[in-house]
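See structure below.
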Number of protein chains: 2
Amino acid sequence: MTRKEEIIKVAAELIREKGYVGLSMRDLAKAIGVKAASLYNHIPSKQAILSELILQLAEDFTSQIQGVAKEDSSSLDKLKKIVEHHLGLSLHYPNELAVLNNEWTHLNGEALQDFKFKRSQYEEELRQIINYGKTNNELKPLHTELVLFSMLSTLRNLNLWIKKRSSIPAEQLKNELVEVLLKGIS
Amino acid sequence: MTRKEEIIKVAAELIREKGYVGLSMRDLAKAIGVKAASLYNHIPSKQAILSELILQLAEDFTSQIQGVAKEDSSSLDKLKKIVEHHLGLSLHYPNELAVLNNEWTHLNGEALQDFKFKRSQYEEELRQIINYGKTNNELKPLHTELVLFSMLSTLRNLNLWIKKRSSIPAEQLKNELVEVLLKGIS
DNA sequence: GTCTATAAATAGATAGAC
DNA sequence: GTCTATCTATTTATAGAC
């Protein structure tokens with residue numbers, strides 16, 4: 001791991017804890033074991049840490065869903081794959097995901113535009129999968145936006161919840177999550 | 001509305017927008033039309049604004065769910081009332097709810113303890129309603145924590161979503177939300 | 001109850017030695 | 001590539017005039 005990668009990784013952990021504005025370059029440097037000035041040999045600004053962190057992950061999400069969308073399978077199978085991918089990222093990058101969810105508002109300029117574009121791309125792909133499922137009678141004729149919103153709310157909060165309750169094996173968690181999200185609880 | 005109430009209301013809006021750490025007392029004062037020093041005639045500190053804002057709303061949630069829990073009705077009816085209450089608060093206090101959701105980590109000392117206590121009280125009441133529904137065969141025998149988490153994720157994000165899509169009438173939104181959360185989408 | 005002025009601390013970032 | 005020292009701006013909060 002390069003020093004730059006180390007900076008971004010440690011920053012993800014601390015931004016999650018204190019928020020982007022609440023984390024100072026001095027605190028970040030201390031956690032790594034250098035002085036604040038040394039950070040600037042590897043990154044141009046505090047903003048650049050946030051941008052790189054968030055946009056890398058956003059790109060991962062967008063490219064995954066675009067891959068799934070192209071597949072020749074049912075809407076339910078596509079939705080399952082999307083749930084699985086969210087779960088995988090929540091397990092491997094909980095800090096980065098928390099930062100993406102909660103701190104994207106502190107992005108500026110081009111990075112902010114880029115993030116919003118990727119996010120709306122993601123939502124649009126998911127919307128189309130849901131709509132296709134409705135025409136197909138795989139899904140109930142509910143408001144697409146409500147289904148989209150409900151699914152994304154749960155998926156986006158997975159990382160928060162996994163930390164607290166890791167007693168469920170990953171495979172069982174995946175299956176029950178699909179059941180809860182797609183088939184309901186009652 | 002007293003000046004203190006005005007300060008807290010405007011603060012909710014601006015904290016939602018910029019985050020607690022990102023909002024300065026100067027910005028807050030400017031939005032109200034006074035100088036920063038004048039704020040301290042009505043509130044003792046910036047922290048106190050955050051505490052009052054969050055704890056008022058948390059108290060509302062906790063006392064409501066405790067009222068519902070005592071009622072002599074089915075689990076599904078109780079869950080419906082909880083959904084309705086979340087929806088009502090999301091419509092009336094979107095800014096305050098966003099602050100509660102995203103900025104509670106910046107609470108200190110006793111206020112932080114108080115918040116955590118109220119939140120765990122709320123979750124415990126909801127957990128018991130879900131468990132009772134399971135023994136009753138009103139709900140599927142899924143992991144209680146997963147059902148709890150999934151419901152709360154959607155309910156906590158309602159305020160974000162309502163802003164974007166207010167095209168659905170409130171009554172229909174309530175009914176579909178109950179359908180999505182309790183009976184599933186497929 | 002609001003103002004001006006200011007204290008004391010801390011922020012992001014840069015210059016230049018090593 | 002890391003350091004010390006420092007610049008400049010901004011932060012929360014207080015003192016005291018009006």
Side-chain angles (χ1 to χ4, degrees), chain A residues 1-55 95-96 99 102-112 114-115, chain B residues 1-55 95 99 102-112 115:
Chain A
M1 192 162 52
T2 65
R3 183 121 269 192
K4 182 178 173 179
E5 289 167 337
E6 186 189 4
I7 290 171
I8 292 178
K9 192 188 154 196
V10 175
E13 191 181 331
L14 295 178
I15 293 174
R16 175 180 190 234
E17 201 179 299
K18 301 156 177 272
Y20 173 72
V21 188
L23 173 66
S24 71
M25 295 299 274
R26 285 170 179 77
D27 287 343
L28 175 56
K30 199 168 199 171
I32 291 173
V34 297
K35 296 292 177 182
S38 306
L39 298 176
Y40 290 90
N41 236 278
H42 305 94
I43 48 99
S45 67
K46 191 186 177 188
Q47 260 291 315
I49 299 177
L50 187 68
S51 311
E52 208 150 320
L53 193 50
I54 290 180
L55 292 178
N95 297 323
E96 287 78 359
V99 172
N102 304 322
E103 307 294 329
W104 66 266
T105 45
H106 296 107
L107 290 173
N108 285 332
E110 203 181 338
L112 180 60
D114 199 4
F115 172 77
Chain B
M1 187 164 52
T2 65
R3 183 119 275 189
K4 181 179 173 179
E5 290 168 335
E6 186 188 5
I7 290 171
I8 292 178
K9 191 188 154 198
V10 175
E13 192 181 331
L14 295 179
I15 292 174
R16 175 181 190 236
E17 201 178 298
K18 301 158 178 270
Y20 173 71
V21 188
L23 173 65
S24 72
M25 295 297 274
R26 283 171 181 78
D27 288 344
L28 175 56
K30 199 167 200 174
I32 290 172
V34 296
K35 295 292 178 182
S38 306
L39 298 175
Y40 290 90
N41 239 282
H42 306 94
I43 46 101
S45 66
K46 191 186 175 187
Q47 261 291 316
I49 300 176
L50 188 67
S51 312
E52 206 149 322
L53 192 51
I54 290 180
L55 291 178
N95 297 323
V99 172
N102 304 323
E103 308 294 328
W104 66 267
T105 45
H106 295 108
L107 291 173
N108 284 334
E110 203 180 340
L112 180 59
F115 171 77

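Heavy-atom basis, side chains included; hydrogens, waters and symmetry copies ignored. Naming: A, B, ... by sequence-line order, numbering from 1 per chain. This one's a predicted model, so the numbers in the text were calculated from it and none came from an experiment.
If you take OH on Tyr40(B) and CD1 on Ile43(B), they are separated by 6.0 Å, rounding to the nearest 0.5 Å. Residue Leu107(B) holds its CG atom at 6.0 Å from CD of Gln47(B), rounded to the nearest 0.5 Å. For the atom pair Leu112(A) CG and Leu55(A) CG, the distance stands at 9.5 Å (nearest 0.5 Å). To the nearest 0.5 angstrom, Ile54(A) atom CD1 is 11.0 Å from Asp114(A) atom CG. In this structure, OG1 in Thr2(B) is found 12.0 Å from NZ in Lys9(B), a value given to the nearest 0.5 Å.
Lys35(B) places its NZ atom 12 Å from the C1' atom of dA5(C), with the value rounded to the nearest Å. Residue Glu6(A) contributes atom CD, which lies 14 Å from atom C1' of dT2(D) at whole-angstrom precision. Rounded to whole Å, atom C1' of dG1(C) lies 11 Å from atom CD1 of Ile7(B). In this structure, Leu39(B) places its CG atom 13 Å from P of dT14(D), rounding to the nearest Å. Atom pair Ile32(B):CD1 and dC3(C):C1' shows a separation of 16 Å (rounding to whole Å applied). As rounded to whole Å, 13 Å separates atom P of dA15(C) from atom OH of Tyr40(A). Per the geometry, CD1 belonging to Ile49(B) stands 12 Å off C1' belonging to dA13(D), to the nearest Å. Atom NZ in Lys46(A) sits roughly 17 Å away from atom C1' in dT14(C) (whole-Å rounding).
Residues of residues 12-28 of chain A that place a heavy atom closer than 4.0 Å to DNA chain C, in numerical order, are Leu23(A), Ser24(A), Met25(A), Arg26(A).
Using a 4.5 Å heavy-atom cutoff, the side chains of Leu28(A) and Ile49(A) are in contact. Inter-residue side-chain proximity for Lys18(A) and Asp27(A) is flagged as met; some heavy-atom pair is nearer than 4.5 Å.
Counting only residues at least two apart or on different chains, the salt bridge (charged side-chain N to carboxylate O under 4.0 Å, His left out) pairs with a member in residues 37-54 of chain A are Lys4(A)-Glu52(A).
Of the candidate nucleotides dT2(C), dT4(D), dG1(D), dT4(D) has the atom nearest to the side chain of Ala37(A).
In this structure, Ser38(A) reaches the dC3(D) phosphate: one of its side-chain N or O atoms is under 4.0 Å from OP1 or OP2.
Take the nearest nucleotide of DNA chain D for Ala36(A) and for Pro44(B): the residue whose nucleotide is more 5' is Ala36(A).
Checked for salt-bridge contact, Arg3(A) and Glu6(A) meet the test: a charged N lies under 4.0 Å from a carboxylate O.
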Please list, for nucleotides 16-18 of chain D, all pairs of protein and nucleotide N/O atoms separated by less than 3.5 Å.
none

